[in-house]
Amino acid sequence: MDDRYSRQKLFYPIGNTGQTRLLNKHVLIVGAGALGASNAESLVRAGIGKLTIIDRDYVEWSNLQRQQLYTEQDAKNRMPKAIAAKDRLTQMNSEVDIQAFVMDATSESLSPLLKGVDIAIDATDNFDIRMIMNDLMQKHQIPWIYGSCVGSTGMSYTIIPGETPCLHCLLHSVPMNGATCDTSGIISPAVQMVTAHQTVEALKLLVEDHSALRKGLLTFDVWNNQSYTMNVQRAKKADCPSCGHNPIHPYLQYDQQTKVSVLCGRDTVQIRPSKQALSLDDLEKKLSTFGEMKRNPYLLSLTYETYRIVFFQDGRAFVHGTNDIDQAKSIYYRLVG
Ligand SMILES: [Zn+2]
């Protein structure tokens, strides 16, 4: 009677069997921005068994227009997206085991999370992380679903290790939008269109209806009424360094070097120190004379000169107010020593 999944079970390709399969599946979503929030909501409502979601950022006002899990209160409190997402998702379906991590997606941080993961969803906003994901998923033989959007356009593509071309195979033959820091903005229907395609592909994989999967790379423009599925099967390269006969997974090797990065379109630099940084308590004491500070259990925000520096529990820091890596480092070391 009170079966929350009754309508989904009535849908023939899922049925009772599919619903039971969903309940036993574990999904990893990398990123809890617009794409991550929407995919997570749909899959949690659909009744997957376990969700692992990771994100490095916190909620800001400019997110509220399209990142559907977050509220004004989250933006006021600068809540980490992973934490706010878990809180909201648990209210929607408390039966799902949800693990949330506030951290950078790197080969080092993602690897321990892959145990038991059935599929992964790309909800990141940059190609550095996507290529790391691509290599990791090939290495661990986990199907995953690429997604990206910018302006009114978007893309979705399902990658099955051993079957389809990987993202690396496609890099030079397909125009990948969202590959660079964009300044063209974004509208939420483009997000919803990408995530509709990502989520439905996820459901097909999770209920094990592989014959229904979209074979090809979908691109669309919701403003200009265009949609196209590109056949990419011939793009699979036998000597691809990520999915070919002798894979070396090149992006897993560069990973340790990316300590400092500019955040896409944010006028922000992220610094990930190699040694253990000070705790938030110690930082609060040390920096109290430098400027106005705000604190929540997950991060410390300091206004310093024309910058705002946000320190996270895991040791990372955002320097807001610059895109210049050297300048950001100099401010960071002036403060932290
Ligand atoms: Zn490949």
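In listed order, ligands and their atoms are each counted from 1. The figures here come from the full heavy-atom set of this structure, side chains too, leaving out hydrogens, waters and symmetry mates. For this chain, numbers begin at 1 and follow the sequence in order.
- The distance from atom CE of M131 to atom OG of S107, rounded to the nearest 0.5 Å, is 14.0 Å.
- The number of protein N/O/S atoms found under 2.8 Å from the Zn ion (ligand 1) is 4.
- Ring geometry for Y58 against F312 counts as tilted: the plane angle lies between 30° and 60°, on a 0 to 90° scale.
- If you chain together hydrophobic residues whose side chains sit under 4.5 Å apart, M79 and L89 never meet in one group.
- In this structure, the side chains of M293 and L300 come closer than 4.5 Å at one or more pairs of heavy atoms.
- Under 3.5 Å, the side chains of Q67 and K81 contain a donor-acceptor pair of N or O atoms.
- One side chain, D221 or S152, offers a donor N or O that lies under 3.5 Å from an acceptor on the other.
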